[in-house]
Amino acid sequence: VQLQASGGGLVQAGGSLRVSCEVSGRTFRNYAMGWFRQAPGKEREFVGSISRSGSTTAYADSVKGRFTISRDNAKNTAYLQMNSLKPEDTAVYYCAAGDAARDYSASYYSRSYKYDYWGQGTEVTVSS
């Protein structure tokens with residue numbers, strides 16, 4: 001399974017950005033998807049997740065109400081829409097895929113060890 005993240009870049013505070021994660025190699029709909037981020041000098045942290053069916057999502061408190069995760073199973077792609085961006089959102093964003101035998105709730109996938117495959121990361125920089 002390969003994950004290819006794209007769409008990062010430089011944006012001003014208050015702006016929006018959408019990052020994508022295309023999955024290849026296995027059946028995309030069998031995987032829950034998650035987004036994590038790592039800022040310079042900090043540990044990787046959970047951003048949000050979406051169940052394999054897309055019926056549930058979960059978010060970190062720091063992004064709740066600003067970020068939205070979605071997926072298009074026909075395109076084998078997950079998305080992270082980021083609005084009202086803040087300088088503290090600056091980080092490398094990673095997507096991850098977790099093998100889901102059942103359609104577990106997205107909240108089940110808030111920990112990094114729940115994921116089997118990781119993308120290479122895409123950098124997001126928010127200027128003040």
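In this chain, residues are counted from 1 in sequence order.
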Identify whether [X] and [Y] are in the same connected component of the hydrophobic contact network (ILVMFWY, side-chain heavy atoms under 4.5 Å).
| X | Y | result |
| --- | --- | --- |
| Y59 | Y115 | no |
| L17 | V92 | no |
| V47 | Y109 | no |

Determine whether the aromatic ring centres of F46 and W35 lie less than 6.0 Å apart. no
Indicate yes or no: at least one non-hydrogen side-chain atom of [X] is less than 4.5 angstrom from one of [Y].
| X | Y | result |
| --- | --- | --- |
| E45 | F36 | no |
| Y104 | K114 | no |
| R37 | V63 | yes |
| Y94 | T122 | no |

Please give me the minimum heavy-atom distance between [X] and [Y], naming the atom from each residue.
| X | Y | answer |
| --- | --- | --- |
| D116 | D99 | OD2-N, 2.7 Å |
| A32 | A100 | N-CB, 4.1 Å |
| A106 | S49 | O-OG, 2.7 Å |

Mind running side chain to side chain donor-acceptor pair (under 3.5 Å) on S51 and T56 for me, showing each step along the way? CA-CA 6 Å; S51 62; T56 62; 3.3 Å; yes
Inter-residue atom distance S127.OG - Q12.CD, 0.5 Å rounding: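 Reported to 0.5 Å precision, the distance equals 5.0 Å.
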Can you tell me how far apart CD (E22) and CG (L3) are? Round to the nearest 0.5 Å.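 Output value for this atom pair is 10.0 Å.
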As a quick check of understanding, evaluate side chain to side chain donor-acceptor pair (under 3.5 Å) for S53 and D103, giving each step before the final call. CA-CA 6 Å; S53 69; D103 192 21; 2.5 Å; yes
Distance-only donor-acceptor check, side chains N83 and S16, under 3.5 Å: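 N83 vs S16: donor-acceptor pair found between side chains.
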Exercise: do T90 and T125 side chains pair donor with acceptor under 3.5 Å: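 No.
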Hey, can you tell me if Y93 and F67 have their rings parallel, tilted or perpendicular (30° and 60° cut-offs)?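 If you compare the ring of Y93 with that of F67, the planes turn out tilted.
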Test salt bridge (Lys or Arg N to Asp or Glu O under 4.0 Å) on D89 and K86; report intermediate values, then the result. CA-CA 5 Å; D89 294 319; K86 305 175 181 180; over 6 Å; no
F28 ring centre to R71 NZ or CZ under 6.0 Å, with the angle to the axis within 45°? yes
Within the supplied structure, the quantity of interest is the number of heavy atoms (other residues, nucleotides, ligands) at a distance under 6.0 Å from K42 NZ; does it exceed 12? no
